[in-house]
Amino acid sequence: MVTPAARRVAALGLAGLAAVGVLKLATLGLLHLDCLWLAPLIAVLAWPLWAYRSEQVMFVRRLLLAGATTDSAKLRRWLWRGTAVQTLGVLTAMLWAGLLLMAAAQLATLQWVILAVDAALLAALSPAMRHLLRHEVAPQFVDTVARSRPVLLINTLLLTLLFVVHDYHVGFADTRTLSWSELVAWTLQSGQADAACPTAAALLGVSALASQLPRHAALLYLPGVADLQLKLLAWLVLLAVTGFGAYLFTRCLLGVQALFDAWAPRLASAAAGPRPGRIFGWTSLALLLLVGLLATLGLRLDAAALGQGAAQLARVTNPCARGPDQARDLRVQAQGQLDTASLVALGEAMHTVDRGLDRAFAAAETGIETYLDWYFSFVGNYTRLGALVIPDLDQQMRKRFTAQVFSESGFEQQVLRLGTEADGQLLDRMALAAQSAGQGLAKHLDVQPCLLEVLRPNVLPGLQRDKLRVVMSAAITLPLARAVPPLVVRAGEAVLARAAARQTMRAAASAAGAKVTQRGASVLLSASAAGSVCAPGGPLALACATVAGVVTWLGVDMALMAVDEALFRQSLRADLLEDLQAQRQQLRDELQSQLEQSMADYRSQAGRSVDRVFVPARDS
């Protein structure tokens with residue numbers, strides 16, 4: 001057999017579920033109804049809210065009157081009914097109903113299920129609290145007292161917890177990639193998209209902002225808060241937004257219970273008075289007529305102004321307002337890292353150049369020894385003699401010098417290799433510096449998601465070392481490795497030019513010319529000596545004289561070449577080495593100039609890659 005308590009719980013549960021259904025229909029009506037029906041829709045929702053407020057206000061008012069006045073006092077009779085207070089409460093209930101309707105419009109399907117379940121739980125909670133208070137409170141006031149604080153507080157906390165669990169389980173859109181202004185514009189547009197009435201669209205946009213922006217602010221701001229107390233306070237503020245909606249829903253459901261009890265038989269004659277529905281009905285009708293009259297006169301709510309005001313307020317409350325300043329600081333810091341890295345890279349590259357030049361010029365010195373061996377050889381001697389009268393032979397000697405001193409000695413290979421190494425060092429260092437800057441920006445994004453408004457996370461992978469190397473190397477039109485060979489050619493020509501102007505080189509050339517006369521005399525001497533050796537005549541005398549002359553020529557010539565080498569080799573070697581070392585500094589300066597140019601190019605490319613991470617400055 002069903003007890004009266006069970007029937008009461010079932011009746012309250014059905015009333016609560018009906019209220020949830022009406023609220024859901026109201027949200028659908030807000031989207032599809034004309035503006036004419038907006039005020040009546042709010043008035044329907046205001047009824048239970050007004051009923052709950054009136055119950056609580058009249059309870060406190062009558063307690064004060066009962067305790068402060070006598071039973072026969074006129075003041076008690078005037079104020080006991082509270083018609084004026086209840087009438088003024090209709091306007092307040094209308095405002096609360098508008099907030100309730102906007103909050104309900106943001107609920108997801110599962111949240112509506114949660115609200116329906118809570119309506120059923122609340123139907124059981126109120127009688128349970130009434131049972132606990134039955135011995136503490138007078139019977140005529142026990143329902144009012146139970147609904148005043150205990151049930152209101154418990155159900156608000158319970159519903160808030162259920163909504164928080166829903167958000168944690170289902171989650172919500174990650175809007176961190178949107179700037180605050182972009183999110184405001186997107187939320188307003190999406191909230192207003194389906195509404196038939198402009199005023200309803202504006203209200204929906206405002207309610208969408210109120211729901212979306214606190215979550216977005218939490219995503220952006222809370223990870224960067226280091227103070228535990230401040231972070232806890234921020235979470236409490238965020239929970240307060242959810243709790244406010246739960247509070248409105250709870251007041252609405254308790255108002256439905258208050259209306260249900262108002263129609264039940266009243267236990268005390270002191271509670272007699274006008275039916276609550278009569279006061280609310282006439283007052284709300286008057287308000288609706290007033291709103292209709294104002295609308296007829298053209299005094300309507302400016303939906304556009306409401307939306308613009310909400311957007312402006314949302315922008316003012318942007319918790320990431322310092323984002324542009326932080327971005328400027330981070331950009332200066334990142335560019336400073338690149339500047340420092342470029343100086344370090346240039347110093348390291350020049351150290352590589354110095355080591356490479358040491359190896360290259362050591363090889364060139366060996367090449368000079370090889371060249372001098374040829375220079376004072378039999379072939380070299382006669383090539384020098386021929387160069388005095390045949391310009392092509394002089395060019396051959398120059399080519400011989402370049403080949404033996406710079407090419408065959410390994411000098412060119414050493415210089416080319418050091419150019420490639422130095423260029424690679426610059427590229428590696430700048431790529432690593434840019435990657436390090438990108439990693440630093442990524443760390444800042446992890447702890448300060450507000451920077452998502454001013455940074456582009458999708459660009460950060462482009463700052464990886466290997467990717468950046470490809471980009472920078474492709475952007476440089478003349479890398480150092482290709483600029484070195486002309487420098488080597490100029491270095492060889494400069495050494496030759498300086499050596500040719502040397503007194504030792506001219507003296508060696510003059511000595512080679514003087515030997516022509518000595519060799520002519522040696523021919524005559526060798527011929528006469530051959531004749532004496534081969535005498536007396538005979539058919540072989542001419543051949544014998546010729547052979548003897550050649551042998552004598554070669555012997556004399558070898559002796560003269562040995563004299564030349566003894567006289568000039570050491571001094572010529574010293575001059576060539578001095579000229580070579582003098583060219584070393586010039587070659588180093590030219591390589592440094594090329595390195596500085598390459599460094600500037602790589603630095604510029606790395607700087608542009610880092611700059612692409614930052615969103616360009618724009619008007620807020």
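Values below: every heavy atom of this structure, side chains too, minus hydrogens, waters and symmetry copies. Since this is a predicted model, take the numbers as computed values, not measurements.
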**Student:** Verify, without hydrogens or angle tests, whether Y52 (side chain) and S148 (backbone) share a donor-acceptor contact under 3.5 angstrom.
**Tutor:** yes

**Student:** So which atom in R612 and which in S609 form the shortest heavy-atom distance, rounded to 0.1 Å?
**Tutor:** NH2-OG, 3.1 Å

**Student:** Please determine whether side chain to side chain contact (heavy atoms under 4.5 Å, CB included) holds for the pair V610 and Q335, giving the CA-CA distance in whole Å, both sets of side-chain angles, and the decisive distance to 0.1 Å.
**Tutor:** CA-CA 8 Å; V610 170; Q335 296 293 346; 4.2 Å; yes

**Student:** Under the criterion side-chain hydrogen bond (donor to acceptor under 3.5 Å, both in side chains), which of H131, Q257, R8, R147 is the partner of S126?
**Tutor:**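 Running side-chain hydrogen bond (donor to acceptor under 3.5 Å, both in side chains) over H131, Q257, R8, R147 with S126 returns exactly one hit, Q257.
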
**Student:** Count the heavy atoms of every other residue, nucleotide or ligand shown that sit under 6.0 Å from CH2 of W37, and state whether that count exceeds 12.
**Tutor:** no

**Student:** When you compare the side chain of M94 with that of S284, does any pair of heavy atoms fall below 4.5 Å?
**Tutor:**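 In short, these two side chains touch, coming nearer than 4.5 Å.
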
**Student:** Under a 3.5 Å distance rule, please check whether S211 uses its side chain to pair with a backbone N or O of A208 as donor and acceptor.
**Tutor:**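 Not a single qualifying donor-acceptor pair exists.
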
**Student:** With the side chain counted from C-beta on, respond yes when R76 and D71 share a heavy-atom pair under 4.5 Å apart, and no when they do not.
**Tutor:** yes

**Student:** Could you tell me whether the side chain of C252 reaches within less than 4.5 Å of the side chain of L45, counting heavy atoms only?
**Tutor:** no

**Student:** Is the cationic atom of R53 (NZ for Lys, CZ for Arg) positioned less than 6.0 Å from the six-membered ring centroid of W96 and within 45 degrees of its normal?
**Tutor:** no

**Student:** Do the side chains of V256 and W47 get nearer than 4.5 Å, heavy atoms only?
**Tutor:**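 Sidechains of V256 and W47: no contact.
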
**Student:** Within the 4.5 Å heavy-atom criterion, are L38 and L33 side-chain neighbours or not?
**Tutor:** no

**Student:** Does any N or O in the side chain of S54 come within less than 3.5 Å of the main-chain N or O of A51, such that one atom is a donor and the other an acceptor?
**Tutor:**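 No; zero donor-acceptor contacts below 3.5 Å.
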
**Student:** For R81, does its backbone N or O pair with a side-chain atom of Q86 as donor and acceptor, under 3.5 Å?
**Tutor:** yes

**Student:** Taking A433's backbone N and O only, do any of them form a donor-acceptor pair with S436's side chain (distance below 3.5 Å, no angle check)?
**Tutor:** no

**Student:** Would a 4.5 Å heavy-atom cut-off, applied to side chains only, mark L115 and L23 as touching?
**Tutor:** yes

**Student:** Quick one: does R134's side chain have a donor or acceptor within less than 3.5 Å of a partner on P139's backbone?
**Tutor:** no

**Student:** Have a look at F163 and tell me which of L239, L107, L158, D118 forms a side chain to side chain contact (heavy atoms under 4.5 Å, CB included) with it.
**Tutor:** L107

**Student:** Does any non-hydrogen side-chain atom of V20 lie less than 4.5 Å from one of L253?
**Tutor:** yes

**Student:** Check the surroundings of atom CZ in R149: do more than 12 heavy atoms from other residues, nucleotides or ligands lie under 6.0 Å from it?
**Tutor:**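 For R149, atom CZ is not crowded (no more than 12 foreign heavy atoms under 6.0 Å).
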
**Student:** Please answer whether the main-chain N or O of G82 pairs with a side-chain N or O of R62 as donor and acceptor at a distance below 3.5 Å.
**Tutor:** no

